[in-house]
Protein chains: 2
Amino acid sequence: MKKTRNTQKQDYVIDILTNAKHTMSVEAILKAMPIKVNKTTVYRILERFAEKGKVHFVTGEDGKAYYALCNDCNVNHEMHNHIHFQCKSCKKVTCLPYEIEVPELKNFEIQETQFLMIGICDMCIS
Amino acid sequence: MKKTRNTQKQDYVIDILTNAKHTMSVEAILKAMPIKVNKTTVYRILERFAEKGKVHFVTGEDGKAYYALCNDCNVNHEMHNHIHFQCKSCKKVTCLPYEIEVPELKNFEIQETQFLMIGICDMCIS
DNA sequence: GTATTATTGCAACATTGTTGCTTTAGTGTG
DNA sequence: CACACTAAAGCAACAATGTTGCAATAATAC
Ligand SMILES: [Mn+2]
Ligand SMILES: [Mn+2]
Ligand SMILES: [Zn+2]
Ligand SMILES: [Zn+2]
């Protein structure tokens, strides 16, 4: 285990994700920062948090990474196997409280899952 | 309906995807081309094929789009709701013959699904 | 306070995909 | 075949997202 340090900027990332209703892109996190932070810093903070299991991300249909705090999504298992939904209208990606049954795959080692559904979310549906 | 034309380059894309064992990125398709083709052309060919339902794609964990021919994955339904697997070692993305049960989401309109599992594939497992 | 080194900043870069416009080439018609 | 029409392809410039190497800063232990 490497030594880690507590920093203001890491705390800000946690705060921002804690108060977020949806997953957030790096760009969105940067905009939500109360102070100026370099984007590389945010990328690396999230990378460390993901390794520690504090955070998980989904890759949207747009190819962007969207991050969310891990609350209780890895209590019973290593993978964050709930569904995510990306709205084609507002582009927001949301964690949904639906778990997917992960199939057994012979000779495959499953380490992570990313389940994404795409369409129109409840806020954008007219 | 727009008029469409049959072209040599579209045929090459179909040939390449037909003979592919895995999904392919645009880069890989370009490399597999027997003649020089512009990347914009391949992007647009795949875009047209995706609209027609000839092809579907998954966004890998790496944010890249991986394309596959639709064989019988949309016979009974509009969505291509089978699982995909991306290997962290060889990076290949494969369509797997496992269908996911799509949950009902109140007030959400589901248009597409992308189910991705990540780990080590059968070829790379030692 | 000082040393150690994890974290941050910076600049330059890589990769993937997109856009506007021009050129090329399928396709139908006479 | 010659010609018109326009879908498809090419080209160049660009946007967006993420990465890398190295220097500067600051958290922690002593
Ligand atoms: Mn999680
Ligand atoms: Mn399909
Ligand atoms: Zn929405
Ligand atoms: Zn593999």
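Every chain is numbered from 1, with letters handed out A, B, ... down the list of sequences.
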May I have the distance from [X] (atom [atom1]) to [N] (atom [atom2]), rounded to whole angstrom?
{"X": "B:Asp62", "N": "C:dG17", "atom1": "CG", "atom2": "P", "result": "9 Å"}
{"X": "B:Asp11", "N": "C:dA25", "atom1": "CG", "atom2": "C1'", "result": "14 Å"}
{"X": "B:Gln10", "N": "C:dT27", "atom1": "CD", "atom2": "P", "result": "9 Å"}
{"X": "A:Lys36", "N": "C:dC10", "atom1": "NZ", "atom2": "P", "result": "9 Å"}
{"X": "B:Tyr43", "N": "D:dA16", "atom1": "OH", "atom2": "P", "result": "16 Å"}
{"X": "B:Tyr12", "N": "C:dA25", "atom1": "OH", "atom2": "P", "result": "14 Å"}
{"X": "B:Lys39", "N": "D:dC14", "atom1": "NZ", "atom2": "P", "result": "14 Å"}
{"X": "A:Gln8", "N": "D:dA27", "atom1": "CD", "atom2": "C1'", "result": "12 Å"}

Ring geometry between A:His82 and A:His56 (parallel below 30°, tilted from 30 to 60°, perpendicular above 60°):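 A:His56 and A:His82: perpendicular rings.
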
Beyond-backbone contact of B:Ile35 with B:Lys9, side-chain heavy atoms, under 4.5 angstrom: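 Yes, side chains in contact.
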
Interface with DNA chain D, restricted to residues 18-26 of chain A and to heavy atoms under 4.0 Å: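 Of all residues in residues 18-26 of chain A, none places a heavy atom under 4.0 Å from DNA chain D.
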
For [N], does either OP1 or OP2 sit under 4.0 Å from a side-chain N or O belonging to [X]?
{"X": "A:Arg5", "N": "D:dT25", "value": "no"}
{"X": "B:Lys3", "N": "D:dA7", "value": "no"}
{"X": "A:Lys9", "N": "C:dT8", "value": "no"}

side-chain hydrogen bond (donor to acceptor under 3.5 Å, both in side chains) evaluation trace for A:Gln111 with A:Glu109: CA-CA 6 Å; A:Gln111 295 169 347; A:Glu109 183 192 327; 3.1 Å; yes

SB check B:Glu27 B:Lys64 (cutoff 4.0 Å):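 Answer for the salt bridge query: yes.
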
Nearest to side-chain heavy atoms of [X], which nucleotide of [options]:
{"X": "B:Asn6", "options": "C:dT27, D:dA9, C:dG17", "result": "C:dT27"}
{"X": "B:Thr7", "options": "D:dA8, C:dT7, D:dT20", "result": "D:dA8"}
{"X": "A:Arg48", "options": "C:dT18, C:dG9, C:dT7", "result": "C:dT7"}
{"X": "B:Arg44", "options": "D:dT17, C:dT8, D:dC11", "result": "D:dC11"}

Which atom of A:Tyr12 lies closest to which atom of A:Met33, heavy atoms considered: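 Heavy atoms of A:Tyr12 and A:Met33 come nearest at CB-SD, 3.6 Å.
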
For the student: nearest non-hydrogen atoms of B:Gln10 and B:Arg5, plus distance: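 That would be NE2-O, 2.8 Å.
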
Side-chain donor/acceptor of A:Thr23 to backbone N/O of A:Tyr66, under 3.5 Å: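 Checking the backbone N and O of A:Tyr66 against the side chain of A:Thr23, no donor-acceptor pair under 3.5 Å is found.
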
Sugar-phosphate only, base, or nothing, as touched by A:Thr40 at under 4.0 Å among non-hydrogen atoms: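 Base: the residue A:Thr40, judged by heavy atoms under 4.0 Å, touches a nucleobase.
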
